[in-house]
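The block underneath contains the structure these notes are about, expressed in structure tokens.
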Amino acid sequence: MLSGSSANAVVAPSRRQGSSRERIRDTPLNSRYEGHPMTKPRLRFAPSPTGYLHIGGVRTALFNWLWARKTGGTFVLRIEDTDRERSTVENEQVILREMRWLGLEWDEGPEQGGAHGPYRQMERLELYREFAEKLVTSGAAYRCYATKEELEQAREALRLSDPKAQFRYPGWWRDKGPSDWLSDRPYVVRLRTPQSGHTGWNDLVFGEQRIPNDTIQDVVLVRSDGVPLYNFGCVVDDYTMGITLVGRGRDHMINTPIQLLLYQALGVEPPQFGHLPMMLGKGGEKLSKRHGAVSVGEYREEGFPAVGLLNYLVRFGWSFGDQEVFAMPDLIEKFDWSRTSRADGKFDALKLSAIAFEHMKSPALIDDEAYVVALRSALARYGTVDERKLHAVLPTIRPRAKTFAEAAESVDWLFSDAPNYDEKSKEKFLLGDKAKTLAPLLEFLAAAPNFVAAELEPAVKAWSEANGYGLGDVAQPARVALTGRTFSPGLFDVMELLGREVTLGRLEAAIRLR
RNA sequence: GGUCCCAUCGUCUAGCGGUUAGGACGUCGGCUUCUCACGCCGAUAACGCGGGUUCGAUUCCCGCUGGGAUCACCA
């Protein structure tokens, strides 16, 4: 378990096990990037634009963002677009847009730039080339001229001789040097990893970790086309961007020793690492589309409030006693890595919905102004809607709408010219015998002195009683006449919202239906 | 298979040697009520198993079982 206060952790130096990292000290290349003031944490979110923004990724981003905001540190957004097959600019645009929608704004990143740019890996190729060259020169890495085909053959041969064995790079080029290099032939750069000993770190979440070096292969750092692979690009960037703390999913845990070895080979101090437990699907498998919406875009489109989504995600693998609901400033204040749990969990769309609903209901969590803005865009199909009506209807829909889309749908009667009758409701309450109260009610309402809920309610109640009606006998037909359906906010609120003229008009229209 | 990780209600979790094992979601009742919601009250339901350590283990240690991650010229 993690010890030490949060205040301590802010400036805590990384706690890497001391082992030799003498190789390429004091070279110009390294000194070029030293001198980042390490007093404030620098964190990053480094998505690859190979698809939509996944809610698992958002959770990772959120934890890093929260820590940056809490500590007054810097949050960097870096685009890891080295998978050229799958990366697209469209995906990048989507990711940036969703991050903004979520409110996870970044201090440095693509588009606005920053002191450590560029922030797209494909724009940093020259940098990787320099670092790779340095590593090869120092002997920490080497050129491997083995082709994919040769490797595939070796793999196949092993499969035949021992189907259960795990293939490892045979080390063909590990002990060769410049005199063996094949000019004009493509090569990859591999890290020369130690074959004995351990590599360890003190994980912010999982505590002391120790991985045997002989389980780590001579991984490829740079492809034959000169584009770096994940581990290399990641380390070069985290280092040159001055990242002090890397928060990421537990699926990256296996990459950490490799990256630590790389920092060691570079002769530089690694950042701290904190790994988050996995968010799995209902059955405990990898979270995917078949568990419902997994891309932020879908939640945005369904009208979920961003803060609600974030609140659910932060509570997944993190807790603060019994508190479930957090306003963002509260969360920033309370967030701490030490309260992160280590057990994987299962995504629950129902709980997400419930947490989001807490935000939808509470003006303290989503203030009226923000609610109205979101509601207005959800009501776009009605054109420009009356601002006053929007505010007025808020108290009646807040406890009823789980999403802005639901909110918009639940008040369509207020913004459309005529109610959109639900067929069954129309038949039951407007066409049959039950509609008989409509005409006398119309007459009564026409004479009501003040058309406000507080006066209409007692008046109509008294009138119903005096005429031998139950309030339900009056209210349900009237509700259908005014809203088109059998469920709505309180009838008298509906009347006040609609106003006398519209109310009477709709009652009249309903009466004519018979 | 190797390496690594994890283990409290169905789910998210609190708990950090002594608790009637708490909260939330869900589910089921009830109250409120002009409908639908909201709200309120109540119920349901968990420490995977076996060894230790200890006066005492959900809690500490070991083993087992069960889950998961990962082993690419993807990230």
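Note that the structure is a prediction, hence the values are computed from the model and not measured. FYI, side chains are in, hydrogens and waters are out, and symmetry mates aren't considered; it's all heavy atoms of this structure.
- Applying the side-chain hydrogen bond (donor to acceptor under 3.5 Å, both in side chains) test to A/Asn420 and every residue at least two apart in sequence or in another chain returns nothing.
- Within the model, atoms OG1 of A/Thr60 and CG of A/Leu43 stand 12.5 Å from one another, a figure rounded to the nearest 0.5 Å.
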- Once each nucleotide of nucleotides 65-75 of chain B is scored for protein heavy atoms under 4.0 Å, what B/S/- sequence comes out, 5' to 3'? ---BSSBSBBB
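- Sorted by first and then second residue, the side chain to side chain donor-acceptor pair (under 3.5 Å) pairs with a member in residues 393-405 of chain A read A/Asp368-A/Arg398; sequence neighbours excluded.
- Under the ring pair (Phe, Tyr, Trp, His ring centres under 6.0 Å) criterion, the residue pairs touching residues 460-490 of chain A are A/Phe444-A/Trp463, A/Trp463-A/Tyr469, with sequence neighbours excluded.
- Residues satisfying the salt bridge (Lys or Arg N to Asp or Glu O under 4.0 Å) test with A/Lys436, not counting sequence neighbours, are none.
- For A/Lys351, counting side-chain heavy atoms from C-beta on, the closest listed nucleotide (B/C34, B/U13, B/A24) is B/A24.
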- What string of B, S and - do you get for nucleotides 35-46 of chain B, 5' to 3', if B is base contact, S is sugar-phosphate-only contact and - is no contact with any protein heavy atom under 4.0 Å? BBBSS-------
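- With sequence neighbours left out, A/His252 forms a side-chain contact (heavy atoms from CB on, under 4.5 Å) with A/Tyr230, A/Arg248, A/Asn255, A/His275.
- Regarding contacts with the backbone of B/C4, every side-chain N or O of A/Gln209 stays at 4.0 angstrom or more from both OP1 and OP2.
- For the salt bridge (Lys or Arg N to Asp or Glu O under 4.0 Å) test, residues two or more places apart in sequence or in another chain that qualify with A/Arg159 are A/Glu152, A/Glu156.
- In this structure, the side-chain hydrogen bond (donor to acceptor under 3.5 Å, both in side chains) partners of A/Asp225, at least two apart in sequence or on a different chain, are A/Arg84.
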